[in-house]
There are 2 protein chains.
Amino acid sequence: MAADSQSRDEERRVPRTRQDGPTGPSERARPTSRDVARHAGVSQATVSLVLGEKWHGRVSVRTAETVRTAAHQLGYRPNLAARSLRLGRTRTALLVVPVLNSDFFAHVHTGAARVAAEHDFGIVLYPSPEVVSPTPGPFHSARSALDGVIASSMAPEALAVLRGDGLPLVMLDSDPRGAQAATVNLDIADGMRRAVRHLLDLGHRRLAHIPAAVDSWTFAVRARALAEALTGTGGALVRTEPAALSVADGLRAATRVLSATGPDRPTALICDDDLLAAGACKAARRLGLRVPTDLSVTGFDDLDLATALEPELTTVRLPAEDVGAAGMRALLSVLEGRSTATEVLPVTLIPRGSTGPPPGPS
Amino acid sequence: MAADSQSRDEERRVPRTRQDGPTGPSERARPTSRDVARHAGVSQATVSLVLGEKWHGRVSVRTAETVRTAAHQLGYRPNLAARSLRLGRTRTALLVVPVLNSDFFAHVHTGAARVAAEHDFGIVLYPSPEVVSPTPGPFHSARSALDGVIASSMAPEALAVLRGDGLPLVMLDSDPRGAQAATVNLDIADGMRRAVRHLLDLGHRRLAHIPAAVDSWTFAVRARALAEALTGTGGALVRTEPAALSVADGLRAATRVLSATGPDRPTALICDDDLLAAGACKAARRLGLRVPTDLSVTGFDDLDLATALEPELTTVRLPAEDVGAAGMRALLSVLEGRSTATEVLPVTLIPRGSTGPPPGPS
DNA sequence: CTGAAAGCGCTTACAG
DNA sequence: CTGAAAGCGCTTACAG
């Protein structure tokens with residue numbers, strides 16, 4: 001079907017016949033550097049030199065000025081396809097994210113696109129339908145004309161596929177060990193430590209963890225950091241109940257956790273994500289538990305959701321936009337042949353209403 | 001700075017020197033159609049014909065097969081820059097949305113990208129920083145190599161700018177009247193009617209509206225439809241309090257509305273958006289009002305947020321992904337010279353826990 | 001049924 | 001200081 005419509009398109013693709021009269025290019029056709037040259041009374045090469053800022057010491061100041069004026073009058077904008085063909089570069093980067101339905105990735109995109117625009121790059125977004133395998137997608141599509149790839153929070157296998165493609169790659173929020181690629185990470189471990197310390201400081205000793213049932217570095221780190229942060233503190237992890245990344249599944253997992261009685265019953269729930277935390281809050285309410293009086297809940301991300309809830313979520317804020325921006329900057333460095341150190345961006349714990357002291361000894 | 005880094009890039013941009021020995025292209029260089037031709041023992045034109053599915057009746061079945069095999073063996077993928085240059089088309093569409101921080105637009109993108117991929121098109125996303133004016137952005141950037149534009153939920157002036165650019169344009173969720181462009185809309189008016197009828201059926205007679213303080217068709221329609229739906233029903237709009245599109249501002253507006261006493265005090269709040277509805281629920285709670293016992297609240301969109309809240313939001317679900325998909329299809333039609341009728345997609349009211357009968361007469 | 005050739009618009013050595 | 005020319009990889013008339 002794709003092929004069908006494509007061929008239909010192409011039949012109509014007769015290159016525009018130039019209808020230039022003695023007065024110059026017809027109104028219809030977009031002006032080219034030749035038109036500018038004609039207009040300025042110089043060669044087309046000179047136009048290219050001037051507009052590409054390579055003219056210093058090669059073209060007279062006056063001529064350069066004439067060219068610029070002509071280009072402006074004609075509304076000239078260079079044909080990017082031609083430039084790409086000549087240069088072998090497209091000034092386009094692909095941003096691969098697991099799903100687009102989270103604010104987090106929307107913000108990553110925003111940051112990356114901002115930096116890209118400053119450097120005359122474009123960003124194409126590819127929400128990988130399956131977290132595991134981006135295989136069928138980007139490199140078979142029309143947009144495969146790419147200078148590099150930025151991949152955020154992908155599963156290891158997916159990253160392997162990406163890496164195998166040979167394109168310059170920057171990984172975001174991914175395992176930096178043994179990576180062949182530049183990495184921009186969040187200090188996820190520190191975020192988890194802060195959350196745990198916050199709960200311990202409030203007096204909690206029996207915690208449960210609702211990890212995201214997603215195979216990626218970013219969630220693996222959370223689990224590891226949680227275990228580490230707890231050792232030797234008197235606090236204990238009484239339960240771990242993974243959930244898919246949705247409110248509904250968070251609710252289900254939390255319900256199971258909270259059905260325990262006695263010492264197995266946690267006083268605080270640490271959730272890998274705000275969506276899960278929202279589900280946990282719902283679960284608590286349905287079981288007649290008040291947040292935070294009877295149960296404390298923490299999340300990760302600080303999505304809009306976090307402050308929409310009542311009480312508002314105590315959560316670890318991840319600077320998603322900064323991650324995207326740093327990622328694009330790293331890719332630019334790689335493309336320029338500069339080496340880049342792994343960057344780790346700090347995160348912040350935002351204490352809000354969903355955490356408080358544990359209930360008195362029961 | 002952009003120019004700086006650009007020129008630095010380009011200095012390194014010496015076209016790859018072909019190092020083809022008698023054994024074919026060097027490992028490094030990406031294979032071209034010439035390589036495939038050599039490999040298959042045919043001319044480069046034949047390769048182009050076969051791979052472009054234009055060979056039927058022009059090339060023998062056997063030759064075609066040979067070419068395909070060679071292309072596959074070499075891992076050949078056509079150079080898109082070259083094709084674009086030749087064809088004058090880029091197979092890339094720009095999707096302009098007011099902001100990306102809403103799930104709604106993420107889903108619009110998903111739908112558009114899916115259809116685009118089926119037709120070998122790419123989508124570049126442009127979150128217009130200001131809802132009003134997209135001016136500085138996309139057409140000055142590297143990605144200006146565009147075949148068309150899809151603009152969702154933009155302010156009229158922004159659309160005017162887009163229209164002025166002369167690129168094929170499809171508008172989403174926008175005023176269809178007097179539009180020069182194809183339009184894909186949601187039946188927003190019907191959604192509002194359903195919400196109102198739902199509240200009237202529950203017994204509500206005093207409603208308040210929290211419109212989004214955003215200048216766009218989609219919100220103008222909500223206000224108009226609300227007024228119309230109320231005429232002659234015994235129901236009245238006792239208050240209108242606009243709010244910026246955020247939970248915090250929804251909270252502020254709802255607090256003002258709910259501070260009224262007597263007959264000015266509504267029993268139900270109709271919010272233009274789920275974010276505002278979430279704010280309204282928070283306001284109610286802070287004022288000691290229970291939802292839905294003391295106050296009913298409705299939203300629009302059916303974001304994740306809607307079911308994360310407790311009680312869950314009664315809201316009008318907008319099929320965002322379908323909008324994006326239909327928009328891309330419409331753009332494809334326009335590009336093929338086919339005319340397109342304005343499409344209007346149905347919406348659904350999802351009754352949930354945030355609405356109920358009004359409190360007894362006070 | 002197949003091949004040689006033109007040309008899309010650009011950038012960059014290379015000659016003057 | 002400036003211009004003529006080559007060539008990036010492709011598609012499509014046009015000749016055979």
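Letters A, B, ... mirror the listed sequences (proteins, then strands); counts begin at 1.
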Inset, instruction - Answer yes or no: is there a side-chain heavy-atom contact under 4.5 Å between B:Leu331 and B:Pro168? - result: yes
Inset, instruction - Check whether any side-chain heavy atom of B:Leu51 lies under 4.5 Å from a side-chain heavy atom of B:Tyr76, and answer yes or no. - result: yes
[N] OP1/OP2 closer than 4.0 Å to side-chain N/O of [X]:
X       : N     : value
B:Thr63 : C:dT2 : yes
A:Ser43 : D:dA4 : no
B:Ser84 : C:dC8 : no
A:Thr32 : C:dG9 : no
A:Thr46 : D:dG3 : yes

Rounded interatomic separation in angstrom, taking [atom1] from [X] and [atom2] from [N]:
X       : N      : atom1 : atom2 : value
A:Arg83 : C:dC10 : CZ    : C1'   : 8 Å
B:Leu87 : C:dC8  : CG    : P     : 14 Å
B:Trp55 : C:dT2  : CH2   : P     : 10 Å
B:Leu80 : C:dC8  : CG    : C1'   : 15 Å
A:Lys54 : C:dC10 : NZ    : P     : 15 Å
B:Arg91 : C:dC8  : CZ    : P     : 21 Å
A:Gln44 : D:dA6  : CD    : P     : 14 Å
A:Leu51 : C:dT12 : CG    : C1'   : 15 Å

Inset, instruction - Tell which nucleotide pairs with C:dG16, taking only Watson-Crick or G-U wobble pairs whose two distances are both under 3.5 angstrom. - result: D:dC1
Inset, instruction - Take A:Arg58 and A:Arg34, find for each the nucleotide of DNA chain C with the closest heavy atom, and name the residue whose nucleotide sits nearer the 5' end. - result: A:Arg34
Closest to the [X] side chain: [options]?
X       : options               : result
B:Ala45 : C:dT12, C:dG3, C:dC10 : C:dG3
B:Val42 : C:dT12, C:dG3, D:dC10 : C:dG3
A:Pro78 : C:dG3, D:dA4, C:dC10  : C:dC10

Legend entry - Qualifying residues under salt bridge (charged side-chain N to carboxylate O under 4.0 Å, His left out), relative to A:Arg68, sequence neighbours excluded: A:Glu65
Legend entry - Charged N-O contact under 4.0 Å between A:Glu321 and A:Arg114: yes
Inset, instruction - Heavy atoms only: give me the nearest A:Ile123-B:Val124 pair and the separation to one decimal. - result: O-CG1, 3.7 Å
Inset, instruction - Using a 4.0 Å heavy-atom cut-off across all strands, classify B:Ser48 as base, sugar-phosphate, or nothing. - result: base
